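This is a predicted model, so every value here is computed, not measured. Reminder, nothing fancy here: chain letters follow the sequence lines and each chain counts from 1.
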Number of protein chains: 4
Amino acid sequence: MARPLSPEKRNALLLAATHAVAEQGVLATTASIARRAGVAEGTLFTYFENKELLFQELYLHVKHELADAVMPDYPHQADYRHRLEHVFQRYVSWGLSNTAARLAVARLSASVQLLDGTRAQGMEPFQAVSGMIEDAVQSGVLVNAPIAFLYSIIERIADTTIEYVDRQPADADRYRQLGFHAVWRAITP
Amino acid sequence: MARPLSPEKRNALLLAATHAVAEQGVLATTASIARRAGVAEGTLFTYFENKELLFQELYLHVKHELADAVMPDYPHQADYRHRLEHVFQRYVSWGLSNTAARLAVARLSASVQLLDGTRAQGMEPFQAVSGMIEDAVQSGVLVNAPIAFLYSIIERIADTTIEYVDRQPADADRYRQLGFHAVWRAITP
Amino acid sequence: MARPLSPEKRNALLLAATHAVAEQGVLATTASIARRAGVAEGTLFTYFENKELLFQELYLHVKHELADAVMPDYPHQADYRHRLEHVFQRYVSWGLSNTAARLAVARLSASVQLLDGTRAQGMEPFQAVSGMIEDAVQSGVLVNAPIAFLYSIIERIADTTIEYVDRQPADADRYRQLGFHAVWRAITP
Amino acid sequence: MARPLSPEKRNALLLAATHAVAEQGVLATTASIARRAGVAEGTLFTYFENKELLFQELYLHVKHELADAVMPDYPHQADYRHRLEHVFQRYVSWGLSNTAARLAVARLSASVQLLDGTRAQGMEPFQAVSGMIEDAVQSGVLVNAPIAFLYSIIERIADTTIEYVDRQPADADRYRQLGFHAVWRAITP
DNA sequence: GATGAATGAGCTTTCATTCAT
DNA sequence: CATGAATGAAAGCTCATTCAT
């Protein structure tokens with residue numbers, strides 16, 4: 001089987017791409033990503049067919065990492081408010097300690113380069129959240145609106161919260177409280 | 001380079017850039033923008049020193065257009081809720097009838113290419129809104145939070161609203177209502 | 001009209017390509033062709049859309065040059081033998097004094113890279129010859145065979161003649177005589 | 001490097017190279033040849049030191065296959081015309097049933113890539129034919145010309161014949177007759 | 001010996017910018 | 001001032017070859 005494809009190299013490439021895209025957006029060059037990852041320029045293409053596909057995989061990879069950070073310890077039994085707050089605060093925490101990943105996803109999201117199905121695929125790991133929102137809407141706890149719309153609002157307010165905590169870390173707690181307050185009120189009747 | 005001769009050409013270039021950036025993001029080429037504007041490749045550079053500055057000016061130009069659409073008929077005398085709703089609905093209306101401009105700004109915002117002061121400059125035309133928010137906070141009508149933070153939340157929810165109306169125009173009214181409901185509740189105590 | 005496309009540059013590029021292809025075949029690089037022509041790498045692409053099209057145009061260009069060398073002074077009134085000999089000897093002479101062009105066409109012909117219509121287009125300038133062959137067949141002077149087949153045989157024997165004269169210039173006259181003898185006998189009954 | 005272990009793999013590589021070169025010329029990649037042969041990319045290089053040498057060996061290999069098809073049943077006792085016709089028709093038959101091999105040799109012949117001695121080596125298996133031509137020249141049956149020149153003419157007319165039969169198989173017999181007629185008349189006084 | 005991942009020089013092509021016309 | 005040809009530094013990607021497995 002000769003030398004097998006190395007998961008370490010693949011991860012190094014994704015990590016390098018994360019930082020490069022966070023810094024340069026889609027203008028990040030494959031050469032710079034390879035260099036950052038410590039592999040030869042050509043090696044990148046044995047792991048990712050081309051730049052576009054690298055970016056799709058990067059997007060999905062980060063979305064999965066985010067899900068892996070948000071979902072554990074999910075308090076299935078708690079009331080909707082506490083469940084949502086768990087998700088919100090974890091999301092914010094992840095964003096704060098993974099600035100590059102967060103920026104990379106933001107850059108990719110806004111940059112046309114995302115292939116059609118990719119955005120939808122990126123939502124899959126968060127089905128538990130969607131399901132919870134759906135139930136809460138059904139039970140009348142949340143405002144009667146399409147799930148995706150509510151999800152979007154939550155995400156946007158969370159992103160805003162992250163940005164402000166990032167800029168003024170001293171006021172982290174206040175912004176986190178303000179943020180969740182805004183979320184909860186925005187989506188309740 | 002001073003102020004160039006033909007405002008028509010300058011506007012044609014900005015308009016062409018709007019569409020090009022909406023479609024291709026920062027990967028839009030200066031040649032394609034010039035072609036779209038009906039001028040020669042070199043002409044672009046007599047109106048804009050280089051691509052980066054073109055993008056700054058495009059960003060500010062669109063922000064001003066947005067302000068010009070939002071601010072007229074501003075009901076200075078109405079209560080805070082009505083004043084904010086005026087702004088919100090005008091913002092949404094502008095976004096719906098200026099898809100390219102909206103997308104262009106979104107692409108530029110998310111792509112490193114914006115120079116530092118530019119984002120702040122883009123907020124200037126909306127000082128009346130900021131001022132109103134400030135007063136409302138002071139008077140206790142809005143939640144006690146930094147103005148910029150509240151402004152961000154409003155903007156994000158408005159953008160989300162636009163996106164959903166764009167995708168499902170049949171439900172325009174519902175989303176506009178849901179959107180403003182979310183905004184108002186999000187920022188009130 | 002700014003700077004107009006320069007026929008000199010275009011010719012320099014075709015000439016450079018002729019020598020490069022004669023020497024390296026289709027492996028000749030666009031960079032080496034541009035360098036030889038004394039223009040920047042990018043300039044090649046303002047004159048030829050891409051490498052493949054450059055090669056098509058080179059092929060046709062050389063074929064036209066060959067026709068321009070062969071057809072003048074064509075003795076319309078002479079008998080078939082003399083008319084054919086005119087063509088044959090001119091063809092050989094051209095091949096001898098245009099080694100690079102001859103080799104380039106040979107390399108391109110054998111290299112798959114020729115687009116479909118190109119080969120046919122390359123024959124167009126030689127319609128007078130085809131017509132003459134056709135008449136001669138009709139009149140029974142030449143063997144009753146498809147024109148294209150006879151044309152091919154003539155061409156191949158001429159090419160062989162050129163090669164041998166090239167290698168042994170001292171025996172030029174003998175090979176030219178032997179060559180035409182072979183041609184004439186090969187295609188007469 | 002000596003003689004490698006598996007003649008099957010070596011043959012598979014030569015066969016794969018035959019088809020790849022017939023289709024892509026010298027641009028055929030070693031990877032594609034290895035894939036076609038069903039071996040790993042690296043394996044190619046244990047059988048052939050590098051791409052250039054692979055092509056030399058391919059050229060000689062095909063030339064030997066051709067000789068093996070042409071020479072058997074050679075009618076040593078027959079007169080020159082019949083001996084030559086044997087060779088000619090066998091050559092044409094081989095070309096018709098070995099299109100890829102024929103094309104591969106044509107592509108290689110016309111592409112600089114053939115090392116100097118290789119072309120000469122490729123003629124060795126046809127010494128019986130050369131010898132016969134030499135005798136025929138001596139005896140005055142063939143025109144008094146260098147053997148190689150006559151040989152070239154025969155080869156070129158045979159190649160032309162193959163091409164036309166290939167394109168119009170219905171007229172195979174006619175072209176074979178026309179072809180040999182042309183050969184015999186071309187090289188006889 | 002066979003495998004195929006790793007390498008990096010080198011290729012074609014693009015593109016922001018300049019400048020002759 | 002407008003034009004668009006000219007430039008050449010990259011960019012993305014390929015591929016012959018090597019070498020760890």
Is there side-chain contact between [X] and [Y], with at least one heavy-atom pair below 4.5 Å?
{"X": "D:L14", "Y": "D:F48", "answer": "yes"}
{"X": "A:M123", "Y": "A:R119", "answer": "no"}
{"X": "D:Q121", "Y": "D:E124", "answer": "yes"}
{"X": "C:L27", "Y": "D:L27", "answer": "yes"}
{"X": "A:Y59", "Y": "A:L114", "answer": "yes"}

Whole-Å distance between [N] [atom2] and [X] [atom1]?
{"X": "C:L13", "N": "F:dA5", "atom1": "CG", "atom2": "P", "answer": "14 Å"}
{"X": "C:F55", "N": "E:dT12", "atom1": "CZ", "atom2": "C1'", "answer": "11 Å"}
{"X": "C:L53", "N": "E:dT13", "atom1": "CG", "atom2": "C1'", "answer": "13 Å"}
{"X": "B:F48", "N": "E:dT17", "atom1": "CZ", "atom2": "P", "answer": "13 Å"}
{"X": "A:L44", "N": "E:dA9", "atom1": "CG", "atom2": "P", "answer": "17 Å"}
{"X": "A:E8", "N": "F:dA20", "atom1": "CD", "atom2": "C1'", "answer": "15 Å"}
{"X": "D:I33", "N": "F:dT17", "atom1": "CD1", "atom2": "P", "answer": "11 Å"}

Ion pair check, [X] and [Y], cut-off under 4.0 Å:
{"X": "D:R10", "Y": "D:E57", "answer": "yes"}
{"X": "C:R36", "Y": "C:E23", "answer": "yes"}
{"X": "A:R102", "Y": "A:D166", "answer": "yes"}

Whether each nucleotide of nucleotides 6-13 of chain F has a protein heavy atom under 4.0 Å at its base (B), only at its sugar-phosphate (S) or at neither (-) is summarised, 5' to 3', as SBB--SSB
Each base of DNA chain E marked ( ) or [ ] if paired in-strand (Watson-Crick or G-U under 3.5 Å), | if paired to another strand and . if unpaired gives .||||||||||||||||||||
